[in-house]
Participant: 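Before I ask anything, here is the structure I am working with.
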Amino acid sequence: MLSVHDALQITQTHLLDLPDEMVSLEEAVGRVLRQPLTADRDVPPFNRVTMDGIAFRYDAFAGGARQFRVLGAQFAGQAAGTLTDPTACMEVMTGAVLPLGTDTVVRYEDVQIEQGMATIQVDEVQPGQNIHPQGNDRPAGDVLLREGTLMRSVDVAVAASVGAAKVSVAALPRVAIIATGDELVGVDQTPAPHQIRHSNIYMIRAALRALGIRAMLHHLPDDREVLKIGLQNLLEQNDVFILSGGVSAGKADFVPATLTELGVQCHFHKVEQRPGKPLWFGTTEGDRQVVFGLPGNPVSTVMCTYKYVLPYLRAAMGQTAPQPVYAQLAEPFVFRPALTYFLPVRLHYAPDGRLLAHPLPGSGSGDFTNLTGADAFLELPADQTAFAEGEALPVVSAW
Ligand SMILES: Nc1nc2c(c(=O)[nH]1)N[C@H]1C(S)=C(S)[C@@H](COP(=O)(O)OP(=O)(O)OC[C@H]3O[C@@H](n4cnc5c(N)ncnc54)[C@H](O)[C@@H]3O)O[C@H]1N2
Ligand code: MOO
Ligand SMILES: [Mg+2]
């Protein structure tokens, strides 16, 4: 059977080709940048005053002067004024351009101003203090945001500062989320004793919102013909298909055979992992559409969504892969089968800064209410049985 590592690799070799689109800054958050954004000017663009106070020439102070006649004021938003008398000073406000002819700022708290004369009341003054020099942070032309950046609020601020009212981002795929199973009824229904309400497709849809995707929900029955016609219709209108259920060994598990009949090529079925062993992955010709058949057990669906589906979509959008995160087991744990085990854990930071993972194994891959107390899965490798307290292991992104 395929290892988790190899399964992930396979998904990455069948990435959808998503076009670029221009979006406003309001729409840009959570999207993947498809263009570099460069500084259109030096950052900061002028010598910026960083404290309200007075500006003067340091040479005068170094020569022993402590009193400076106030010749004017420089406010934020005004073009740079000039200090014409090198023994005098100007009042300056935070965010103003440093007046020409000055090079040092002393804050109001350290100055007394009376009758147009400022007296500096501190001995410690450094040349150039309280000034954020032009180009200090980045020179004009420097790349401030790389292609592949996942746009967060601070990135939106940087885009705005360089005048990018619209930015090029990866277009979002059209996604269909499809529950299969005759036991499932709507969330607004009262289930019969042998029925359950949908939950997996709501979880998947919620998880995809982190990528800005708004997916449509569907439900198909455990009937071979109806399933085939239903999937065929959906295949015409979507790029990504996330199915839940119907991929294992049961006599009503028609999903793999039906997808094959519809021309979806299977790249793998079954992975050496728990939960999620019967995971199915395929694409249509030329990788124009992609299908994830997630095992129906709810914990399997959660794990496969976070371990496989979201990373796949991020890569297809061109997002630079994030650094892996590790956590240390807070107590020893044993898992015997030769499978990668995704252990639900509660994460917390210890006072010494270590990220600790508290095992919450729950009662198996049907026990999804257990996940409400967990934050993530810890990935325990297949070739190891006993895991010691303090052992560092990869975290599968938190929900
Ligand atoms: N003989 C074998 N039986 C099973 C195997 C196996 O290898 N051999 N694998 C087990 C594993 S592991 C898993 S996981 C499940 C996968 O099952 P399916 O993908 O075929 O899913 P279903 O049979 O349709 O349902 C399983 C389970 O999940 C519930 N479910 C399904 N969809 C939803 C939904 N949208 N919301 C909430 N719950 C859902 C469903 O009611 C079932 O209880 O197979 C094992 N069996
Ligand atoms: O591996 Mo299945 O996903 O346990 O229940
Ligand atoms: Mg089944």
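Start at 1 and go down the list; that is how both ligands and their atoms are numbered.
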Participant: Which value, rounded to the nearest 0.5 Å, describes the distance between Leu355 atom CG and Tyr349 atom OH?
Facilitator: 4.5 Å
Participant: With a 4.0 Å cut-off on heavy atoms, does Ser365 reach ligand 1?
Facilitator: no
Participant: Checking side-chain contact (heavy atoms from CB on, under 4.5 Å) between Val264 and each of Leu259, Leu231, Thr283, which is the one that passes?
Facilitator: Leu259
Participant: Please determine whether the number of non-hydrogen atoms from other residues, nucleotides or ligands lying under 6.0 Å from atom CD of Gln237 exceeds 12.
Facilitator: yes
Participant: Heavy-atom contacts with Ala179 under 4.0 Å: which atoms of ligand 1 show up? List them by number with element.
Facilitator: 35 (N)
Participant: Is there at least one pair of N or O atoms, one from Arg274 and one from ligand 2, spaced under 3.5 Å apart?
Facilitator: no
Participant: For ligand 2, which atoms have a heavy atom of Lys277 less than 4.0 angstrom away?
Facilitator: 1 (O), 3 (O)
Participant: With a distance cut-off below 6.0 Å to the six-membered ring centre and an angular limit of 45° from the axis, does Arg66 pair with Phe61 as a cation-pi contact?
Facilitator: yes
Participant: Is the closest heavy atom of Gly181 to ligand 1 under 4.0 Å?
Facilitator: no
Participant: Answer yes when Glu272 and Lys277 have at least one side-chain N-carboxylate O distance shorter than 4.0 Å, and no when they do not.
Facilitator: no
Participant: Taking all heavy atoms of Leu172 and all of Met317, pick out the closest pair and write down the distance.
Facilitator: CD2-CE, 3.7 Å
Participant: Do Tyr306 and Phe342 have ring centres separated by under 6.0 Å?
Facilitator: no
Participant: Report the nearest protein non-hydrogen atom to atom 23 (O) of ligand 1: residue, atom name, distance rounded to 0.1 Å.
Facilitator: Asp253 OD1, 3.5 Å
Participant: Which atoms of ligand 2 sit under 4.0 Å from any heavy atom of Asn297?
Facilitator: 5 (O)
Participant: Return the orientation label for the Phe268 and Tyr308 ring planes: parallel under 30°, perpendicular over 60°, tilted otherwise.
Facilitator: tilted
Participant: For Asn297, counting its heavy atoms only, list the atoms of ligand 1 lying under 4.0 Å from any of them.
Facilitator: 13 (C), 14 (S), 15 (C), 26 (C), 27 (C), 28 (O)
Participant: Could you please spell out the steps behind the side-chain contact (heavy atoms from CB on, under 4.5 Å) verdict for Thr369 and Asp367?
Facilitator: CA-CA 6 Å; Thr369 56; Asp367 183 9; 3.2 Å; yes
Participant: Run the salt-bridge test on Arg197 and Glu183 with the 4.0 Å N-O cut-off and return the result as yes or no.
Facilitator: no
Participant: Which atoms of ligand 1 sit under 4.0 Å from any heavy atom of Ser244?
Facilitator: 32 (N), 33 (C), 34 (C), 35 (N)
Participant: Salt bridge between Arg224 and Glu261, side-chain N to carboxylate O under 4.0 Å?
Facilitator: yes
Participant: Would you call the rings of Phe281 and His267 parallel, tilted or perpendicular if under 30° counts as parallel and over 60° as perpendicular?
Facilitator: tilted
Participant: Have a look at Gly296, Ala249, Gly364, Cys304 and point out the one with the heavy atom closest to atom 8 (N) of ligand 1.
Facilitator: Ala249
Participant: Can you confirm, on distance only, whether ligand 2 has an N/O atom lying under 3.5 Å from any N/O atom belonging to Gly276?
Facilitator: yes
Participant: Please check whether Gln273 reaches ligand 2 - meaning an N/O of the residue sits under 3.5 Å from an N/O of the ligand, judged on distance alone.
Facilitator: no
Participant: Could you find the nearest protein heavy atom to atom 12 (S) of ligand 1 and give me its residue, atom name and distance?
Facilitator: Pro278 CD, 3.8 Å
Participant: Can Asp52 and Thr94 be counted as having a side-chain donor-acceptor contact under 3.5 angstrom?
Facilitator: yes
Participant: Closest non-hydrogen protein atom to atom 39 (C) of ligand 1, residue and atom name please, with distance?
Facilitator: Asn200 ND2, 3.4 Å
Participant: What is the nearest protein non-hydrogen atom to atom 9 (N) of ligand 1, stated with its residue, atom name and distance?
Facilitator: Ser248 OG, 3.1 Å
Participant: In the protein, which heavy atom is nearest to atom 37 (C) of ligand 1, and how far is it?
Facilitator: Ser199 OG, 3.3 Å
Participant: Counting each atom of ligand 2 from 1 as listed, which ones have a heavy atom of Ser300 under 4.0 Å away?
Facilitator: 2 (Mo), 3 (O), 5 (O)
Participant: Would you mind running through ligand 1 and noting each atom that sits below 4.0 Å from a heavy atom of Glu183?
Facilitator: 40 (C), 41 (O), 42 (C)
Participant: Applying a strict 4.0 Å limit to heavy atoms, is Ser300 in contact with ligand 1?
Facilitator: yes
Participant: Which residue and non-hydrogen atom of the protein lie closest to atom 22 (P) of ligand 1, and at what distance in Å?
Facilitator: Gly246 N, 3.7 Å
Participant: Side chain, backbone, both or neither: which part of Leu184 comes within less than 4.0 Å of ligand 1 when only heavy atoms are counted?
Facilitator: side chain
Participant: What protein heavy atom lies closest to atom 5 (O) of ligand 2? Include the residue and the distance to one decimal.
Facilitator: Ser365 OG, 2.1 Å
Participant: Thinking salt bridges, do Asp239 and Arg174 make one under a 4.0 Å N-O criterion?
Facilitator: yes
Participant: With backbone taken as N, CA, C and O and side chain as the heavy atoms from C-beta onward, which portion of Ile196 lies under 4.0 Å from ligand 1: side chain, backbone, both, or neither?
Facilitator: side chain
